[in-house]
Structures are given as C-alpha cells and as structure tokens.
Student: 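One structure is given below, represented as structure tokens, and several questions about it will come after.
Just so it is clear, the values below take in all heavy atoms, side chains as well, and ignore hydrogens, waters and symmetry mates.
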Number of protein chains: 2
Amino acid sequence: MGKIKLDEIDHQILDMLIDNTRIPFTDIAKKLLISAGTVHVRVKKMEESGIIKGSSLTLDYKKLGYSFIAYVGVFLNNTSQTKFVLERISEIPFVTVAHITTGKFNIFCKIRGKSTEHAKEVIFMLDDIEGVYRTETMISLEESINDKKRLMHSIFNDM
Amino acid sequence: MGKIKLDEIDHQILDMLIDNTRIPFTDIAKKLLISAGTVHVRVKKMEESGIIKGSSLTLDYKKLGYSFIAYVGVFLNNTSQTKFVLERISEIPFVTVAHITTGKFNIFCKIRGKSTEHAKEVIFMLDDIEGVYRTETMISLEESINDKKRLMHSIFNDM
DNA sequence: GGTGAAAGCACCGAGTT
DNA sequence: AACTCGGTGCTTTCACC
C-alpha cells in the first residue's frame with residue numbers, strides 16, 4: 001500500500017486518459033513521441049500495480065431524473081455498532097458513499113435520489129437501521145465538482 | 001434537462017460499460033445478440049443526448065500517497081457571499097467537490113490530501129477565503145464507496 | 001524498457017431491408 | 001432502427017535493440 005513512483009511519461013498518459021478513457025493509444029503515442037506498444041505496456045503496468053483501479057462512465061443523473069443530492073450525518077447509540085451500521089448503510093443503493101468520521105457525527109454519507117419525497121424514504125431507511133440514534137440531513141442546493149485533472153496535476157507536481 | 005428514456009438494450013450497454021469503458025463493442029454485441037454497429041450507434045446517441053457525459057479513470061489515491069479524506073463544513077459571515085466563496089473554494093485542487101447546502105453549514109466540501117499536516121494547510125486556505133467565518137472538519141477514518149452499478153440498476157428498475 | 005512490424009480484429013460509415 | 005459488409009486503422013504481441 002506504499003507510494004508507487006511514476007515517471008513523466010506515465011503522468012502524461014494518465015493526463016490524457018483521465019477524462020477520456022477511450023482515446024486511442026496511437027493518439028497518446030503520437031503526442032508523446034513514443035510507440036503505441038509502449039503506451040500499452042505502461043497502462044498495463046499501472047493497472048497491474050493498482051494505480052489505475054478501473055475506468056467508468058460519467059452519467060448525467062439529472063437527465064435520468066435523479067437530481068437530488070444530500071449529505072446525512074448519522075448518530076449512533078453506541079460506537080461499538082459503527083462497523084455494523086456502516087455495512088447496513090452501504091447496502092442502500094441510493095447511498096453513494098459512506099464514511100466513519102471524527103467530529104460531530106459517527107457516520108457520514110451522501111445520498112442521491114429523485115426528489116425530496118424519495119430522499120425522505122432513503123433517510124427513513126437510515127433511521128430504521130438498528131443502532132442509529134438519529135440523523136441530520138444537509139440538502140445540496142448546488143454542486144460544484146472539481147476536475148480530476150487538477151488534483152492529479154497537483155499530485156504529480158509534488159512527486 | 002428533462003428525463004430521457006432508455007430501453008432495455010441501452011441499460012444493458014451501460015451496465016457493461018459502467019465499470020469497464022474499454023470493453024470492445026463486439027463483446028457487448030455478442031452478449032446482447034445484436035450487431036456491433038448497433039452498439040456503436042446507441043452509445044453515440046447516449047453521448048449526444050448527454051446521458052453519457054464522459055468517461056474517466058479511477059485512480060488509487062492511496063497508492064499515490066494521498067490517503068487523507070475529510071469533509072469540511074463552512075460557515076459564512078453573510079449568505080450573500082455564498083456564490084463567491086463557492087468559486088474560491090472550487091479553485092483549490094485538493095477540494096474534490098463543494099456544495100451549497102441547507103442545514104447547519106452554508107457550504108460543504110470534501111478534501112483529499114496527503115496527511116493531517118497537509119489537510120491543515122488546505123483547511124487554512126479555506127479559512128482564509130474572504131467571507132468565511134469558520135469551518136468545521138470531519139476526518140474520514142474509513143470510506144465505503146458504493147458500486148455505481150447498484151445505483152444504476154435501481155434507477156433502471158424504476159423506469 | 002523501448003521499438004517497429006505484422007496479424008488480428010475492432011471501429012464505424014455506407015448501403016440495404 | 002437494425003443489419004451486413006468492407007475499409008481504415010487500432011491493439012497487442014514478439015523478435016530485436
């Protein structure tokens with residue numbers, strides 16, 4: 001689980017793939033003045049080493065009718081139940097991510113839903129989990145997603 | 001921005017692409033008993049309609065030395081500054097996402113960093129933004145990410 | 001660890017039903 | 001709207017550097 005070191009070529013390959021995974025390796029090769037075979041081998045290595053965990057599509061959930069986002073803080077009766085409750089929470093498909101956290105809440109999660117009505121149902125599911133004392137909801141009114149590329153560049157500049 | 005309707009074939013195509021964007025269209029075609037050309041046309045349509053916004057790599061940030069995650073709630077002096085502060089926050093590369101929210105906080109964001117030391121720097125950057133009154137940090141001790149496929153299936157079952 | 005060529009096959013458009 | 005077919009060109013491997 002330690003750091004893995006990548007060279008400048010790897011950085012550039014990731015830079016081109018990060019926001020378009022289907023870009024042809026030949027295009028990458030042309031731009032970096034290396035052969036397509038080399039791109040192939042390097043990507044494979046980054047996959048094998050686990051730096052690249054996978055690839056995925058970015059869908060427009062709003063267009064699918066799921067425009068509601070909220071964060072829910074969860075308070076537990078007893079912190080010994082944390083792991084158990086985290087697992088139950090993670091079984092709800094409308095929960096996109098859940099964290100065990102320090103601070104105010106014991107568990108903290110993000111939910112995505114169709115509407116306030118729908119979100120209410122999801123929050124009730126959370127409240128119904130054994131060990132959950134109460135929840136506190138923050139509804140997202142506007143979301144600003146930061147480009148992955150920027151974080152990646154900051155990381156690379158630091159290596 | 002209304003709902004767009006997809007049929008069962010589209011669902012299946014997305015199901016195969018969502019966690020492996022480079023899977024050959026011929027493989028998809030074989031599995032769905034349609035021609036590769038049809039897969040191609042349908043994917044293109046979903047891209048044109050905006051349902052598919054793009055594709056991206058999933059990197060292992062832990063392996064890159066960035067294993068620190070925290071959520072930071074931001075309190076403002078004055079809610080009229082919300083938009084301005086959101087923009088300033090979004091300029092920080094270690095902030096991965098920021099929301100304007102109802103409830104306790106005015107703005108709520110997620111940060112990723114190297115260490116507690118590094119996170120401290122990022123939080124100080126937030127505190128230094130004009131209009132920010134104070135912040136409240138929740139450090140993630142454990143993250144549980146939900147498979148995109150599950151949310152997608154729930155959405156499709158509902159259409 | 002990189003190259004370059006070659007074989008295989010995928011992509012994607014045109015034409016057909 | 002989906003299929004077949006064919007040209008173009010991408011991926012992937014391998015012998016060599």
Side-chain angles (χ1 to χ4, degrees), chain A residues 2-60 63-65 148-149 152-153 155-159, chain B residues 2-60 63-65 148-149 152 155-157 159:
Chain A
K3 271 201 216 178
I4 288 175
K5 55 175 182 315
L6 305 174
D7 67 13
E8 188 55 28
I9 303 283
D10 292 324
H11 292 175
Q12 304 257 28
I13 291 172
L14 290 177
D15 182 62
M16 295 188 74
L17 285 173
I18 191 96
D19 57 10
N20 179 12
T21 59
R22 290 186 79 97
I23 190 172
F25 287 3
T26 45
D27 285 10
I28 299 175
K30 252 174 260 166
K31 191 159 181 189
L32 304 186
L33 306 174
I34 55 177
S35 74
T38 302
V39 176
H40 179 239
V41 169
R42 279 173 175 265
V43 169
K44 207 161 196 176
K45 272 186 192 160
M46 289 191 279
E47 282 169 351
E48 277 160 10
S49 73
I51 285 281
I52 297 176
K53 282 201 281 191
S55 60
S56 83
L57 292 183
T58 310
L59 301 184
D60 189 331
K63 291 206 168 128
L64 291 167
K148 277 190 183 181
K149 223 172 204 175
M152 218 177 64
H153 287 167
I155 292 175
F156 291 160
N157 283 334
D158 186 48
M159 291 173 88
Chain B
K3 270 200 215 179
I4 287 174
K5 57 177 182 312
L6 305 173
D7 66 12
E8 188 55 28
I9 303 282
D10 292 323
H11 293 174
Q12 304 257 26
I13 292 173
L14 290 177
D15 182 63
M16 295 187 76
L17 284 173
I18 191 95
D19 58 10
N20 179 10
T21 59
R22 287 187 84 98
I23 189 173
F25 287 3
T26 45
D27 285 10
I28 298 175
K30 251 173 261 167
K31 192 159 180 188
L32 304 186
L33 306 173
I34 56 178
S35 76
T38 302
V39 176
H40 177 237
V41 169
R42 281 171 173 265
V43 169
K44 206 160 197 178
K45 273 186 193 162
M46 289 191 279
E47 282 169 353
E48 277 159 11
S49 72
I51 285 280
I52 297 176
K53 283 201 282 193
S55 60
S56 81
L57 291 184
T58 309
L59 301 183
D60 189 330
K63 292 206 167 129
L64 292 167
K148 276 192 185 181
K149 225 171 203 176
M152 218 177 65
I155 292 175
F156 292 161
N157 283 334
M159 290 174 92

Student: Could you pick out which residue, A:V41 or A:D27, lies toward the 5' side of DNA chain D when each is mapped onto its nearest nucleotide?
Tutor: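 Result of the comparison: A:D27.
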Student: State whether a side-chain donor-acceptor pair under 3.5 Å links A:T21 with B:T21.
Tutor: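 Side-chain D/A pair, A:T21 to B:T21: present.
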Student: A:T38 near the nucleic acid: base, sugar-phosphate alone, or nothing, with a heavy-atom cut-off under 4.0 Å?
Tutor: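 Contact class for A:T38: base.
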Student: A:S35 has a side chain; which of C:dG4, D:dT12, C:dG13 sits nearest to it?
Tutor: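 When the side chain of A:S35 is considered, C:dG4 is the closest of C:dG4, D:dT12, C:dG13.
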Student: Out of D:dA1, D:dT12, C:dC12, which has the shortest distance to the side chain of B:K45?
Tutor: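 Side chain of B:K45 sits closest to D:dA1.
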Student: Rounded off to whole Å, could you give me the CE-to-C1' distance for the A:M46 and C:dG1 pair?
Tutor: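 So the two atoms are 14 Å apart, to the nearest Å.
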Student: Answer yes or no: does atom NZ of B:K31 have more than 12 heavy-atom neighbours from other residues, nucleotides or ligands under 6.0 Å?
Tutor: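 Incorrect, the count does not exceed 12.
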Student: May I ask you to test the A:V43-A:E47 pair for a side-chain heavy-atom distance under 4.5 Å?
Tutor: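 Yes, close enough: below the 4.5 Å cut-off.
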Student: Between A:L32 (CG) and C:dG1 (P), how many Å, whole number?
Tutor: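 Result: 17 Å.
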Student: Do the side chain of B:D15 and the main chain of B:H11 share a donor and acceptor less than 3.5 angstrom apart?
Tutor: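 Absent.
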Student: Considering only heavy atoms, which members of residues 7-24 of chain A lie under 4.0 Å from some atom of DNA chain C?
Tutor: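 Residues of residues 7-24 of chain A under 4.0 Å from DNA chain C: A:R22.
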Student: A:T26 side chain: which of D:dT11, D:dT12, C:dG1 is closest?
Tutor: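 Given the options D:dT11, D:dT12, C:dG1, the side chain of A:T26 is closest to D:dT11.
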Student: Whole Å only: how far is the NZ atom of B:K44 from the C1' atom of C:dG13?
Tutor: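 Rounding to the nearest Å, NZ of B:K44 and C1' of C:dG13 are 8 Å apart.
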Student: If you compare every side-chain N and O of A:R42 against the phosphate oxygens of C:dG2 (OP1, OP2), does one of them come in below 4.0 Å?
Tutor: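 Checking C:dG2 against A:R42, a side-chain N or O does come within under 4.0 Å of OP1 or OP2.
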Student: Checking the side chain of A:K148 only, and the main-chain atoms of B:L57 only, is there a donor and an acceptor separated by less than 3.5 Å?
Tutor: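 At least one qualifying donor-acceptor pair exists.
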Student: Would you mind reading off the distance between B:I34 atom CD1 and C:dC11 atom P, rounded to a whole angstrom?
Tutor: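 Taking CD1 of B:I34 and P of C:dC11, I get 13 Å after rounding.
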Student: Write down the atom of A:T26, the atom of A:A36, and the distance for their closest heavy-atom approach.
Tutor: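 Residues A:T26 and A:A36, closest heavy atoms: CG2-CB, 4.0 Å.
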Student: Grab the CZ-P distance between B:F25 and D:dG9 for me, whole Å please.
Tutor: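 Spelled out: CZ on B:F25 to P on D:dG9 is 18 Å.
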Student: What is the distance, rounded to the nearest whole Å, between atom NE2 of B:H40 and atom P of D:dC5?
Tutor: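 Distance check: B:H40 NE2 to D:dC5 P gives 19 Å.
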Student: Nearest to the side chain of A:A36, which nucleotide is it out of D:dT12, C:dT3, C:dG13?
Tutor: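 So the nucleotide nearest the side chain must be D:dT12.
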Student: Is there any side-chain hydrogen bond (donor to acceptor under 3.5 Å, both in side chains) pair reaching into residues 32-43 of chain B, and which pairs are they, with sequence neighbours excluded?
Tutor: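 Counting only pairs at least two positions apart or across chains, the side-chain hydrogen bond (donor to acceptor under 3.5 Å, both in side chains) contacts touching residues 32-43 of chain B are B:D7-B:R42, B:D10-B:R42, B:S35-B:T38.
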